[in-house]
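Pasting a structure below so you can have a look.
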Number of protein chains: 2
Amino acid sequence: MFSKSCEYGLRAVLFIAKQSTADTKVSLTTISESIDSPQAFTAKILQQLTKSGFVQSSKGPYGGFFIEKENLPTIKLSDIVSVLDGDSIYTGCGLGLHQCNEKEPCPLHFKFVKIRENLKNMLETNTLSMVVKDMNSDIFHLKI
Amino acid sequence: MFSKSCEYGLRAVLFIAKQSTADTKVSLTTISESIDSPQAFTAKILQQLTKSGFVQSSKGPYGGFFIEKENLPTIKLSDIVSVLDGDSIYTGCGLGLHQCNEKEPCPLHFKFVKIRENLKNMLETNTLSMVVKDMNSDIFHLKI
DNA sequence: ATAATAAAGGATAATTTTGTCCTCTATTAA
DNA sequence: TTAATAGAGGACAAAATTATCCTTTATTAT
Ligand code: FES
Ligand code: FES
């Protein structure tokens with residue numbers, strides 16, 4: 001469904017978001033150990049997310065990655081997915097036709113659209129605050 | 001959502017299925033031109049589908065690919081997807097955790113499961129006959 | 001039998017994705 | 001001002017996916 005980059009990215013963002021509710025910055029090492037992802041690769045992904053402004057970073061001792069608390073309610077999961085995987089998952093044809101539209105649809109278009117809309121809706125209605133709140137229940141995991 | 005192999009495979013199967021309702025065998029060349037896919041690559045995909053029994057083939061002049069008419073109502077889209085992409089799309093964790101289950105779910109598990117079930121249900125309830133029937137309406141395309 | 005047709009299959013290549021390594025830059029504390 | 005820490009970024013490497021080429025095998029008509 002998502003690329004590895006996007007999977008790692010979402011897990012990293014959720015981890016950072018959770019820590020940020022307690023004003024805790026987290027280092028790359030902590031992140032990659034906590035979400036069980038390849039460290040250097042995760043660094044690249046976090047670079048994209050900091051460039052796009054959804055994640056903040058600070059260098060040097062006591063530095064690390066964090067998300068501004070006031071942004072947690074406004075950042076949607078779809079924002080992260082868009083940065084890392086683009087929006088072909090929302091707009092692309094499920095059968096790989098070059099353009100997806102109702103005028104020249106593939107035979108599965110109207111069936112795919114429903115599923116795509118479900119996914120889009122789920123990712124757009126869930127903000128980081130909302131997911132982090134769930135994560136207070138300790139049944140949820142970001143690794144293994 | 002699907003790999004290129006699976007996209008080409010589904011398009012090829014739908015094309016073959018449509019022709020098979022008129023007892024017409026189709027050659028690789030015809031298929032790849034009709035669905036706008038790389039010919040040699042499509043051949044590999046069709047090999048997998050013939051090995052797995054969903055598609056038939058015959059060599060030599062007047063040969064080509066076809067699907068037994070009586071199988072059209074029983075072959076589901078999910079059968080094709082399983083052959084070409086496996087079933088990780090049905091059972092894998094959306095955030096890439098090694099195992100997806102309700103005991104140690106990722107924070108998006110219960111949201112993902114709904115979407116996965118929608119997709120699974122769509123692919124399992126649509127047989128080749130059903131999709132081919134739609135394809136009689138000439139608004140549907142398999143290329144461009 | 002022979003030539004033509006068409007799929008099967010092996011080997012290889014190109015491209016994309018995934019992943020690593022090393023140096024540079026910024027920040028902090030001592 | 002120096003040493004230590006931590007992200008940024010460039011170069012490179014491995015692996016997986018996508019794609020091509022060529023030979024072999026089977027079938028058909030002549
Ligand atoms: S054209 Fe295929 S999903 Fe819209
Ligand atoms: S554990 Fe992530 S989707 Fe089930």
Side-chain angles (χ1 to χ4, degrees), chain A residues 1-13 15-16 19 24-67 83-86 88-89 92 95-96 98, chain B residues 1-13 15-16 19 24-67 83-86 88-89 92 95-96 98:
Chain A
M1 176 162 276
F2 300 129
S3 68
K4 281 284 163 198
S5 292
C6 194
E7 290 176 352
Y8 296 146
L10 283 168
R11 272 149 65 193
V13 163
F15 179 75
I16 297 168
Q19 305 305 310
T24 306
K25 290 179 199 166
V26 277
S27 72
L28 173 62
T29 304
T30 304
I31 295 169
S32 66
E33 283 173 355
S34 302
I35 69 172
D36 191 30
S37 67
Q39 181 163 327
F41 190 49
T42 307
K44 299 295 184 193
I45 295 163
L46 288 170
Q47 273 179 45
Q48 292 184 68
L49 292 170
T50 33
K51 269 191 197 162
S52 58
F54 295 112
V55 171
Q56 274 68 46
S57 70
S58 63
K59 288 185 175 182
Y62 300 88
F65 295 92
F66 60 101
I67 297 172
V83 169
L84 299 174
D85 274 359
S88 74
I89 196 161
L95 293 186
H98 294 321
Chain B
M1 177 162 276
F2 300 129
S3 69
K4 281 283 164 200
S5 294
C6 194
E7 290 175 354
Y8 296 146
L10 283 167
R11 273 148 65 193
V13 163
F15 178 75
I16 297 168
Q19 305 305 309
T24 306
K25 288 180 200 164
V26 277
S27 72
L28 173 62
T29 304
T30 305
I31 294 170
S32 65
E33 283 172 356
S34 302
I35 69 172
D36 190 30
S37 66
Q39 180 162 327
F41 190 49
T42 307
K44 298 297 183 192
I45 295 163
L46 288 170
Q47 274 178 44
Q48 292 184 67
L49 292 170
T50 32
K51 269 192 199 162
S52 58
F54 294 112
V55 171
Q56 274 68 46
S57 70
S58 62
K59 289 183 174 180
Y62 302 86
F65 295 92
F66 60 101
I67 297 172
V83 169
L84 299 174
D85 274 359
S88 74
I89 198 162
L95 294 185
H98 293 321

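Predicted, not measured: the structure shown is a model, and the values here were computed from it. The chains referred to below are lettered A, B, ... by the order of the sequence lines, with proteins before strands, and numbering in each begins at 1.
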- Would you classify A:Thr29 as touching base, sugar-phosphate or nothing, given that sugar-phosphate means primed atoms plus P, OP1 and OP2, and contacts are heavy atoms under 4.0 Å? nothing

- Query: Please give, in whole Å, the distance from C:dT18 P to A:Leu84 CG?
  - Reply: 11 Å

- Over all atoms of both residues, closest heavy-atom pair of A:Leu46 and A:Ala12: CD2-CB, 4.2 Å

- Query: CG of A:Leu46 versus P of C:dG19: gap in Å, rounded?
  - Reply: 14 Å

- Starting at the 5' end of DNA chain C and moving along, which residue's nearest nucleotide shows up first, A:Phe2 or A:Ser58? A:Phe2

- For DNA chain C, the residues among residues 30-41 of chain A that have a non-hydrogen atom under 4.0 Å from it: A:Pro38, A:Ala40, A:Phe41

- Item | Listed nucleotide nearest any side-chain atom of A:Pro61, set C:dT27, C:dT5, C:dT18 | C:dT27

- Give the rounded distance in Å between these two atoms: CZ of A:Phe65 and C1' of C:dT27. 14 Å

- So CD1 of A:Ile16 and CD1 of A:Ile35: to nearest 0.5 Å the spacing works out to 8.0 Å

- Message: Check the phosphate of D:dG9 against A:Gln47, side-chain N and O only, distance under 4.0 Å to OP1 or OP2. Yes or no?
- Response: yes

- Message: Measure CD/B:Glu7 against P/D:dT17 and give the value in whole Å, please.
- Response: 14 Å

- Item | Polar contact flag, side-chain donor to acceptor under 3.5 angstrom, A:Thr42-A:Ser37 | yes

- Item | Which nucleotide in C:dA4, D:dA19, C:dA8 has an atom nearest any side-chain atom of B:Tyr8 | D:dA19

- Note on the structure: B:Ile45 atom CD1 is separated from D:dT17 atom P, nearest whole Å, by 13 Å

- Item | Point-to-point distance, once rounded to the nearest 0.5 Å, from CD1 of A:Ile45 to OG of A:Ser32 | 11.0 Å

- Would you say the side chain of A:Lys59 and the base of C:dT25 hold a donor-acceptor pair, judged only by whether the two atoms sit under 3.5 Å apart? yes

- Note on the structure: NZ (B:Lys4) and CG (B:Asp85) are apart, to the nearest 0.5 Å, by 12.0 Å

- Nearest-0.5 Å distance, CD of residue B:Glu7 to CG of residue B:Leu84: 11.0 Å

- Side-chain N,O (A:Thr50) to OP1/OP2 (D:dG7) below 4.0 Å: no

- Item | A:Lys51 side chain, from C-beta outward: closest of D:dG9, C:dA8, C:dT28 | D:dG9

- Item | Atom-to-atom span, CG of B:Leu28 to P of C:dA8 - whole angstrom | 9 Å

- Item | Integer-rounded Å distance: D:dA19 C1' and B:Gln48 CD | 14 Å

- Message: What I want to check is whether an N or O donor and acceptor connect the side chain of A:Lys25 with the base of D:dG7 at under 3.5 Å.
- Response: no

- Message: Measure OH/B:Tyr62 against C1'/D:dT28 and give the value in whole Å, please.
- Response: 8 Å

- Query: Once you round to the nearest 0.5 Å, how far does CG of B:Asp36 lie from NE2 of A:His98?
  - Reply: 5.0 Å

- Any donor-acceptor pair under 3.5 Å between the side chain of B:Lys44 and the base of C:dG10? yes

- Once you round to the nearest 0.5 Å, how far does CZ of B:Phe66 lie from OG of B:Ser57? 7.0 Å

